[in-house]
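Each remark here refers to the structure printed beneath this line.
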Amino acid sequence: MTEKSAPGRLSYRTLVVLQPTTFCNIDCSYCYLTERGIGARMSLEVQRAAFDSVLSSELVEDPVVFLWHLGEPLSVPPRFYETAFAIAAETADRYGRTISHGFQTNATLMSDRWIELIRRHQVRVGVSVDGPAFIHDRVRVDRKGRGTHADVMRGIGLLQDAGIGFGAISVLTDFTLDHPEAYYDFFVEAGIGDVGYNIDEVEGANTVSSFGPESSTRRYERFLERLLDRAAHHHGAVKIREVWTNMAALAFGGSDPVNNTNAPFRIINIDHKGGATTFCPELLTSDHTMGNVLDGPIDRMLADPVFERVGAEIAAGVRLCKETCEYWRFCGGGSPSNKFFEHGRFDVAETRTCRVHKKATVDVLLRHLERRAGLGVAE
Ligand code: SF4
Ligand code: SF4
């Protein structure tokens with residue numbers, strides 16, 4: 001995905017990604033959403049059915065986080081969420097559930113009114129920002145091709161002034177790889193202490209990645225080495241998701257890691273028309289809908305032929321990963337959407353994305369730790 005739903009820092013047992021609208025007010029060059037120019041919204045009927053079908057299900061475990069995403073969540077008015085959150089709360093009470101909400105936003109439409117709503121409902125926020133303006137504005141542009149960095153920073157400023165914590169998600173392109181210092185320093189100087197990144201993957205409407213075959217992997221390794229040196233210089237002032245998740249796997253992980261994107265019903269995705277899938281949200285853009293919440297509880301997915309076929313293929317791909325990949329304990333079998341969009345099927349193992357975002361990352365991180373241990377700085 002382009003801005004991978006940012007759920008990594010949300011504390012959930014079940015993540016439900018909801019599409020309030022197909023529309024996005026900007027037009028990033030790597031966006032995978034095909035209908036982002038169309039303003040179709042989730043109806044009240046679909047909202048009611050979505051909350052009921054999820055919260056009534058025994059497949060779902062508390063706490064449940066509803067992440068509003070798959071379009072720009074702030075491009076619908078605040079009253080949309082006042083209503084949706086009230087329906088969600090009433091439904092959660094009925095089923096004795098613990099729920100919360102999150103926005104994954106480009107932050108360009110942030111305003112005092114949104115800040116008030118976010119604070120009142122304790123909405124968790126993830127902001128998409130790709131680094132300093134000269135990197136961000138090459139790809140995160142509006143429909144006239146103008147950079148959006150200044151608007152994003154205004155939105156971030158409103159969050160910071162209000163004392164609302166947030167995590168950042170960014171997308172690395174080939175261009176970013178030449179600028180690790182500027183990339184890292186941006187987050188330090190902007191006071192953003194928590195960032196995760198993805199690479200611009202081939203997915204949905206984004207049919208080309210700027211990451212070429214081998215040379216990009218080597219350049220990515222150099223980028224990450226310099227990023228880690230920079231982070232060491234700042235004593236880890238910015239928490240980089242890719243470092244911490246792999247360190248946690250190394251320090252605390254077992255031999256059977258769980259990857260939420262390839263284990264069924266840890267993530268449930270519901271589009272504005274009620275179409276539903278499990279596994280990665282990106283499957284909604286690739287004709288892998290596994291039912292509709294208007295037809296009843298999400299448990300019905302278990303008998304859906306798409307779920308049966310895709311679920312079996314995903315499980316075969318995960319088994320292949322476990323049998324063949326020495327990075328298994330860091331990864332747990334990768335993201336099905338990467339496998340599908342790169343290979344046209346799910347029962348495969350390696351992808352370009354995992355070669356860079358997982359394997360190269362782990363290699364660089366282990367070398368970094370060895371080097372620091374050798375310098376006597378790890379004790
Ligand atoms: S902000 Fe997100 S949804 Fe909007 S165009 Fe960019 S990547 Fe797509
Ligand atoms: S790194 Fe790639 S090949 Fe290895 S387990 Fe993950 S997805 Fe599978």
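Small disclaimer: the values here were computed from a predicted structure and weren't measured. For ligands, and for the atoms within them, numbers begin at 1 and follow the listed sequence.
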Self-check item: Results of ring pair (Phe, Tyr, Trp, His ring centres under 6.0 Å) for F279 - residues two or more places apart only
Solution: none

Quiz item: Counting only heavy atoms, which portion of L33 has something under 4.0 Å from ligand 1: side chain, backbone, both, or neither?
Solution: side chain

Quiz item: Has the side chain of R138 got a donor or acceptor atom that lies under 3.5 Å from a matching backbone atom of G147?
Solution: no

Exercise. Please state whether the separation between atom 8 (Fe) of ligand 1 and some N/O/S atom of C28 is under 2.8 Å?
Key: no

Quiz item: Please walk me through it: do R300 and D295 pass salt bridge (Lys or Arg N to Asp or Glu O under 4.0 Å)?
Solution: CA-CA 8 Å; R300 290 168 62 102; D295 296 331; 5.1 Å; no

Quiz item: Where's the contact between R140 and ligand 1, heavy-atom distance under 4.0 Å: side chain, backbone, both or neither?
Solution: side chain

Exercise. Provide the number and element of each atom of ligand 1 under 4.0 Å from a heavy atom of N106.
Key: 1 (S)

Practice problem: Taking D137 for its side chain and H149 for its backbone only, find out whether a donor-acceptor pair lies under 3.5 Å. | Solution: yes

Exercise. Answer with yes or no whether R36 contacts ligand 1, where contact means a heavy atom under 4.0 Å from a ligand atom.
Key: yes

Practice problem: Give the intermediate values and the outcome of side chain to side chain donor-acceptor pair (under 3.5 Å) for residues D363 and Y327. | Solution: CA-CA 9 Å; D363 287 347; Y327 298 81; 2.8 Å; yes

Quiz item: In terms of ring plane angle, is the pair F265 and F307 parallel, tilted or perpendicular, where the classes change at 30° and 60°?
Solution: tilted

Quiz item: If you look only at pairs with a residue in residues 18-35, which of them pass as a salt bridge (charged side-chain N to carboxylate O under 4.0 Å, His left out), with sequence neighbours excluded?
Solution: D27-R36

Quiz item: Quick check: does C24 put an N/O/S atom under 2.8 Å from atom 4 (Fe) of ligand 1?
Solution: yes

Quiz item: Do F341 and Y32 have ring centres separated by under 6.0 Å?
Solution: no

Quiz item: Residues in side-chain hydrogen bond (donor to acceptor under 3.5 Å, both in side chains) with R146, at least two apart?
Solution: D142

Quiz prompt | Residues in contact with ligand 2, criterion: heavy atom under 4.0 Å | solution = C321, C325, C331, G333, G334, A349, E350, C354, K358, K359

